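For clarity, every value in this text was computed on a predicted model and none was experimentally measured. Basis for what follows: all heavy atoms, side chains included, without hydrogens, waters or symmetry-related copies.
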Amino acid sequence: MADTAHVRPYRPGDHEALADICVRTADNGGDSRHLYPDPGLMPALFAEPYAHLEPELTFVLDDGSGRAVGYVLGTADTPRFVDAFREIWIPRIAGRFPEPAGEPETLSEAMAALIYRPERMILPELAAYPAHLHIDLLPPWQHKGYGRELMGAFLGALHTRGVPAVHLSMLTANTPARAFYDRLGFKVIDVPDPGPLTYLGRSTGGVEPTGWAGSEGRARARAGAAGSEG
């Protein structure tokens, strides 16, 4: 299927695959199922709210059979997203993930507490980078150029909207991810006391203009070439 894999816009039918990708990459790029008793917790924080609130900025890597094996998602306007997260998203999931009483005592409680602090996404040092993103690929699909294609689709969509720049946060310990972002032109944004995180940003310009449509075209070309060789 790799020769027909392509980037395309998110569809509602991708919801379960989106959550699965998030879970399998949420432990510093690895599988997080051993860390969280409820596998829905990490998707509820880092994937599903974006697909629900800004589906037009959610793109997936399709393996050629219709199954999503990677994604990039985010928001064009972080403060606006934070407002929608509090007003729309939290009421949808509060019953499943109640706010911990007192100081969190487990990793799950610590992550659940983040749900109720969406304003943590707004930092003055990030004001020049109003958009932000998350990108994840299942391990078999990494290091093959698909992450670059996903990022191109997302940055191209932001650029078309007139959004000047985007940021992301990553665990500083995740050195393979950092190398990927460095290759794509992301630079460190100095944030006081960032804890275990590194903040990176770049402009939305200078990306391949074909975006996701170009990825689909390349997939069709690869499939045609494979058929002619058969």
Side-chain angles (χ1 to χ4, degrees), residues 10-61 67-123 126 130-139 150 154 166-174 177 191 193-199:
Y10 170 80
R11 304 167 185 160
D14 297 320
H15 179 267
E16 289 187 10
L18 205 75
D20 183 62
I21 296 163
C22 183
V23 169
R24 291 175 185 268
T25 57
D27 181 18
N28 207 20
D31 198 324
S32 69
R33 286 177 293 181
H34 64 292
L35 296 176
Y36 305 102
D38 189 332
L41 178 57
M42 299 306 277
L45 260 172
F46 299 117
E48 294 171 336
Y50 298 91
H52 181 74
L53 297 170
E54 298 195 46
E56 69 280 1
L57 285 177
T58 302
F59 299 89
V60 303
L61 175 64
R67 183 174 69 99
V69 292
Y71 63 71
V72 62
L73 40 76
T75 178
D77 185 328
T78 298
R80 185 186 64 194
F81 176 79
V82 166
D83 288 343
F85 192 102
R86 180 164 292 286
E87 296 171 10
I88 298 171
W89 186 247
I90 290 178
R92 287 177 62 91
I93 64 171
R96 181 172 179 179
F97 305 108
E99 185 172 11
E103 287 295 316
E105 297 181 356
T106 67
L107 182 58
S108 287
E109 288 182 356
M111 299 309 291
L114 294 181
I115 294 172
Y116 297 88
R117 294 195 295 109
E119 289 77 15
R120 64 190 158 76
M121 302 181 208
I122 303 175
L123 297 173
L126 304 177
H132 76 258
L133 67 87
H134 298 278
I135 181 170
D136 289 299
L137 281 159
L138 293 177
L150 282 166
F154 186 82
V166 61
H167 74 269
L168 59 89
S169 61
M170 56 161 287
L171 287 172
T172 303
N174 192 344
V191 171
D193 302 319
L197 300 177
T198 294
Y199 290 86

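Using cut-offs of 30° and 60° on the angle between ring planes, the pair His132 and Tyr50 is perpendicular. Between His167 and Tyr199, the ring-plane angle classifies as tilted under the 30° and 60° cut-offs.
The local environment of CD in Glu16 is sparse, with at most 12 non-hydrogen atoms from other residues, nucleotides or ligands closer than 6.0 Å. Sparse packing is recorded around CD of Glu103, with 12 or fewer heavy atoms of other residues, nucleotides or ligands lying under 6.0 Å away.
Between the CG atom in Leu138 and the CG atom in Asp20 there is a gap of 6.5 Å [rounded to 0.5 Å]. Here the CG-CZ distance, from Leu53 to Arg80, works out to 10.0 Å after rounding to the nearest 0.5 Å. Here the OH atom belonging to Tyr116 is positioned 9.0 Å from the CZ atom belonging to Phe97, to the nearest 0.5 angstrom. To the nearest 0.5 Å, atom CZ of residue Phe85 and atom CD1 of residue Ile115 are 6.0 Å apart. Here the CG-CG distance, from Leu168 to Leu126, works out to 10.0 Å after rounding to the nearest 0.5 Å. The line from CD1 of Ile88 to CG of Asp83 is 9.5 Å long, rounded to the nearest 0.5 Å.
Among all heavy-atom pairs drawn from Glu54 and Ala76, the shortest one is OE1-N, 3.4 Å. Nearest heavy atom pair, residue Thr25 against residue Ile21, reads OG1-O, 2.7 Å. Nearest heavy atom pair, residue Glu109 against residue Pro100, reads O-CG, 3.3 Å. In this structure, Arg120 and Leu114 approach most closely via the heavy-atom pair NE-O, 3.2 Å. Of all heavy-atom pairs between Asp14 and Ala68, the closest is OD1-CB, 4.3 Å. Here the closest non-hydrogen pair linking Pro39 and Val23 is O-CG2, 3.1 Å.
Listed for the Trp89 side chain is a donor-acceptor partner under 3.5 Å among the backbone atoms of Ala44. Using modelled atom types, no side-chain atom of Ser32 and backbone atom of Leu35 make a donor-acceptor pair closer than 3.5 Å. Not one N or O on the side chain of Arg67 forms a donor-acceptor pair closer than 3.5 Å with the backbone of Ala17.
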Derivation of the side chain to side chain contact (heavy atoms under 4.5 Å, CB included) call for Asp136 and Phe46: CA-CA 10 Å; Asp136 289 299; Phe46 299 117; over 6 Å; no
Can Thr198 and Asn174 be said to form a side chain to side chain contact (heavy atoms under 4.5 Å, CB included), step by step? CA-CA 10 Å; Thr198 294; Asn174 192 344; over 6 Å; no
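At least one side-chain heavy atom of Leu18 sits less than 4.5 Å from a side-chain heavy atom of Leu73. A heavy-atom distance below 4.5 Å is not found between the side chains of Val191 and Leu197.
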